[in-house]
Amino acid sequence: MVVIRTEIKELPEYCEQCKYYYLRVREKGGYSDICELSGEHLNYGECTGGWYYNGLARPVNCPLMEVSDDK
């Protein structure tokens with residue numbers, strides 16, 4: 001497992017609160033929700049690959065988690 005340190009002080013409850021959340025407007029209409037940290041598209045209405053995001057909580061595969069400094 002690779003662990004990186006970010007300047008985030010508190011884990012966001014929703015993707016929209018995260019600095020890595022990106023909303024891209026498509027040329028042919030609609031939009032894509034993207035996690036810039038992982039490069040994954042967040043699937044509204046589709047429960048595939050652990051990236052289902054319904055706006056109520058972070059997806060199961062969200063790479064952000066708290067790690068203690070205990071040695």
Side-chain angles (χ1 to χ4, degrees):
M1 172 192 289
V2 175
V3 178
I4 62 170
R5 184 182 297 249
T6 67
E7 71 260 6
I8 296 174
K9 301 294 181 199
E10 205 170 294
L11 287 180
E13 285 186 51
Y14 314 104
C15 290
E16 287 90 348
Q17 297 172 338
C18 183
K19 69 179 259 171
Y20 299 107
Y21 173 78
Y22 175 68
L23 183 67
R24 185 183 78 189
V25 179
R26 297 181 189 160
E27 290 179 16
K28 296 182 180 180
Y31 57 90
S32 294
D33 298 288
I34 300 171
C35 174
E36 289 186 322
L37 186 61
S38 65
E40 293 288 336
H41 290 264
L42 306 175
N43 302 321
Y44 274 91
E46 299 175 19
C47 193
T48 58
W51 290 102
Y52 172 69
Y53 176 60
N54 61 6
L56 302 176
R58 291 181 293 131
V60 174
N61 286 353
C62 178
L64 295 177
M65 67 176 71
E66 291 210 28
V67 177
S68 66
D69 287 336
D70 297 341
K71 295 181 180 183

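Numbers for residues simply follow the sequence, beginning at 1.
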Undergrad: Going by heavy atoms in the side chains, are Arg24 and His41 under 4.5 Å from each other?
TA: yes

Undergrad: So which heavy atom on Lys19 is nearest to which on Glu36, and how close?
TA: O-OE1, 4.4 Å

Undergrad: Taking all non-hydrogen atoms of both residues into account, name the closest pair between Cys15 and Tyr53 and its distance.
TA: N-OH, 3.2 Å

Undergrad: Please list, chain by chain and in numerical order, all residues satisfying side-chain contact (heavy atoms from CB on, under 4.5 Å) with Leu23, sequence neighbours excluded.
TA: Tyr21, Tyr31, Asp33

Undergrad: Between atom SG of Cys35 and atom OH of Tyr22, what is the distance when rounded to the nearest 0.5 Å?
TA: 13.5 Å

Undergrad: Who pairs with Gln17 by side-chain contact (heavy atoms from CB on, under 4.5 Å), at least two apart in sequence or on another chain?
TA: Pro12, Glu13, Tyr14

Undergrad: Roughly how far, to the nearest 0.5 Å, is the CG atom of Leu64 from the CG atom of Leu37?
TA: 5.5 Å

